[in-house]
Amino acid sequence: MIGAPDVLLAPDSETAELAEEIGSRGLRVLLLGSSDVPVDHPDAPGAVTPVALVILEQRVRPDARDTLDYFASQNVSVKVISGDNAVSVGAVAGSLGLQGDTMDARQLPDEPDRLADALEEYTTFGRVRPDQKRAMVHALQSRGHYVAMTGDGVNDVLALKDADIGVAMGSGSSASRAVAQIVLLDNKFATLPYVVGEGRRVIGNIERVSNLFLTKTVYSVLLAVLVGLAGLSSRFFGSDPLLYPFQPIHVTIAAWFTIGIPAFILSLAPNNERAHPGFVRRVMTSALPSGLVVGIATFASYLAAYQGREATPTEQTQASTAALITLLVTALWVLAVVARPYQWWRVALVAVSGLAYVVIFAIPLAQRLFMLDPSNLAITAMALGIGLVGAAIIEVAWWVQGALLGEQRRLWR
């Protein structure tokens, strides 16, 4: 028969001690021996007589250490669980710089609380049974950990199924691939940092884009409500009705460089920021105040420039232009906040978006095409001033939100 020396032999035997010493160097040791009973006998293996030790060198992939270092830098604890000899597994883990003690899983307690304590104390485990792997996952989850389990064999299926994230190898058993959420087709553990990075990019960019679109929804609804309330009040007090500040073409150009194009670029950009729980809360606490500031500032600018029913078409266009200027200034600052922390291309994105509107307002042909009239310098200056005040409020709200959520805000990466 052939098998593990520490299973087939008495622990204090000379051969078992020799196998343990060889295994401590990171080598894999198998025992070839003969038994005094047949292998299918109820009392097997019986008394085993050693014949030879088969020593196998375990090849460690060159990218394994970099992968472990990456997870350590991301505050991810790595636990090595194996069915092999604990001493051998611990030696291999130590050669990769993995810190922590090694434990033989045959000494693990069955009680969930004590098992969780052992998992917190030890890093590497050998001679782990399939049911113990599953119990380890449950024990870690009971302490509030999110657990990702990697494996490729049938003995890993139970743990893969119950882990928060099951990762199977493409060359592994069909059962392990069937229950896993992620299958590494290239069979490389080193692929996981790229998987984590892609997940962070998707989640982080969705959050950025959601801030932009939800901010637009808030200020659009607020403007409609404020104009509607003003219209109702005019019926009771006999005053002139308040017209909606924007033409459809105004809404279109406002969305070009404050939402549409920037959102497209930000959604595809690289993003390695760590994902955090509370997605909806963060988006709402960011977009709702920003949308309210943009909507109120725009409405105030429009009211200050509005001349009532007696206004000429030129004066009405100037009032609409003033409201649009305030909207663009505040909405661009929302984009500037959402794009943080800055990199050179994000600064360029915000700058180009603002410059595009300057060009549109400066070209006479664009003014006629988009129904703009910034010729009244007093109204235009007033609109810019209200927009800058709104931008300052959005900036302060961003820092206050970070303090309330306990997040460390920074301008530059």
Side-chain angles (χ1 to χ4, degrees), residues 1-7 22-23 25-32 54-74 76-98 102 105 119 123-138 140-141 145-202:
M1 59 181 60
I2 190 168
D6 55 324
V7 174
I22 297 173
R25 290 179 262 160
L27 300 172
R28 197 168 190 174
V29 184
L30 295 174
L31 171 71
L32 178 65
V54 181
I55 301 173
L56 306 175
E57 183 179 0
Q58 304 195 90
R59 182 174 62 88
V60 178
R61 297 193 179 191
D63 51 14
R65 180 156 192 162
D66 292 337
T67 305
L68 294 177
D69 290 342
Y70 167 79
F71 283 117
S73 68
Q74 301 300 310
V76 177
S77 298
V78 177
K79 305 292 181 181
V80 179
I81 55 178
S82 173
D84 295 338
N85 179 270
V87 175
S88 177
V89 174
V92 174
S95 68
L96 295 174
L98 198 61
T102 302
L119 288 169
T123 301
T124 307
F125 301 86
R127 295 287 179 242
V128 185
R129 302 191 310 269
D131 61 299
Q132 287 180 314
K133 294 181 180 181
R134 186 183 198 180
M136 287 178 169
V137 170
H138 292 168
L140 290 170
Q141 290 171 333
H145 296 291
Y146 290 93
V147 182
M149 168 71 185
T150 64
D152 58 1
V154 176
N155 57 342
D156 298 317
V157 169
L158 295 175
L160 285 171
K161 184 177 180 181
D162 289 359
D164 297 295
I165 303 174
V167 183
M169 299 298 173
S171 61
S173 66
S174 58
S176 64
R177 296 197 306 269
V179 300
Q181 286 83 24
I182 299 173
V183 178
L184 303 180
L185 299 179
D186 58 2
N187 303 306
K188 292 182 179 180
F189 181 66
T191 305
L192 285 178
Y194 299 100
V195 174
V196 173
E198 185 66 14
R200 289 179 176 179
R201 184 183 72 85
V202 172

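Hydrogens, waters and symmetry mates are skipped; everything else that's a heavy atom, side chains included, is used. Numbering starts at 1 and runs along the sequence shown.
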Within a 6.0 Å radius of atom CZ on R200, are there more than 12 heavy atoms belonging to other residues, nucleotides or ligands? yes
Output the distance between atom CD1 (I165) and atom OG1 (T150), rounded to the nearest 0.5 Å. 11.5 Å
Nearest 0.5 angstrom please: R177 CZ to L185 CG, how far? 9.5 Å
Atom pair CD1/CD1 of I22 and I55 - distance to nearest 0.5 Å: 3.5 Å
Return the minimal non-hydrogen interatomic distance between D156 and M149, and the atom names on each side. OD1-CE, 3.8 Å
Is there any salt bridge (charged side-chain N to carboxylate O under 4.0 Å, His left out) pair reaching into residues 183-199, and which pairs are they, with sequence neighbours excluded? E198-R201
How close do E57 and L27 get, counting heavy atoms only, and between which atoms? CA-CD2, 3.9 Å
Please tell me if the side chains of V195 and I182 come closer than 4.5 Å, counting only heavy atoms from C-beta onward. yes
Any L184 side-chain heavy atom under 4.5 Å of L192 side chain: yes
Point-to-point distance, once rounded to the nearest 0.5 Å, from CG of L96 to CG of D66: 10.5 Å
About how many Å separate CZ of R127 and CD1 of I81, when rounded to the nearest 0.5 Å? 14.5 Å
Non-hydrogen atoms of F71 and V78 that approach each other most closely: CB-CG2, 4.2 Å
With heavy-atom distances below 4.5 Å as the criterion, would you say the side chains of F189 and L68 are in contact? yes
Minimum heavy-atom distance G153-S176, with the two atoms named: O-CB, 3.8 Å
Can you check side chain to side chain contact (heavy atoms under 4.5 Å, CB included) on V89 and V80, steps first, answer last? CA-CA 8 Å; V89 174; V80 179; 3.7 Å; yes
Pair D63 + R61: basic N to acidic O under 4.0 Å: no
Does any part of the side chain of Q132, heavy atoms only, come nearer than 4.5 Å to the side chain of F125, both counted from C-beta? no
Should Q74 and V196 count as side-chain neighbours, where that means a heavy-atom distance under 4.5 Å? no
Locate the shortest heavy-atom distance separating D164 from V147; write the atom from each residue and the value. OD2-N, 2.7 Å
So which atom in P5 and which in L31 form the shortest heavy-atom distance, rounded to 0.1 Å? CG-CB, 3.9 Å
Give, for atom NZ of K79 and atom OG1 of T124, the distance between the pair rounded to the nearest 0.5 Å. 8.5 Å
Side chains of S88 and Q58 in contact at under 4.5 Å (non-hydrogen atoms): yes
Counting C-beta onward and ignoring hydrogens, is there a side-chain heavy-atom pair between D152 and S171 closer than 4.5 Å? no
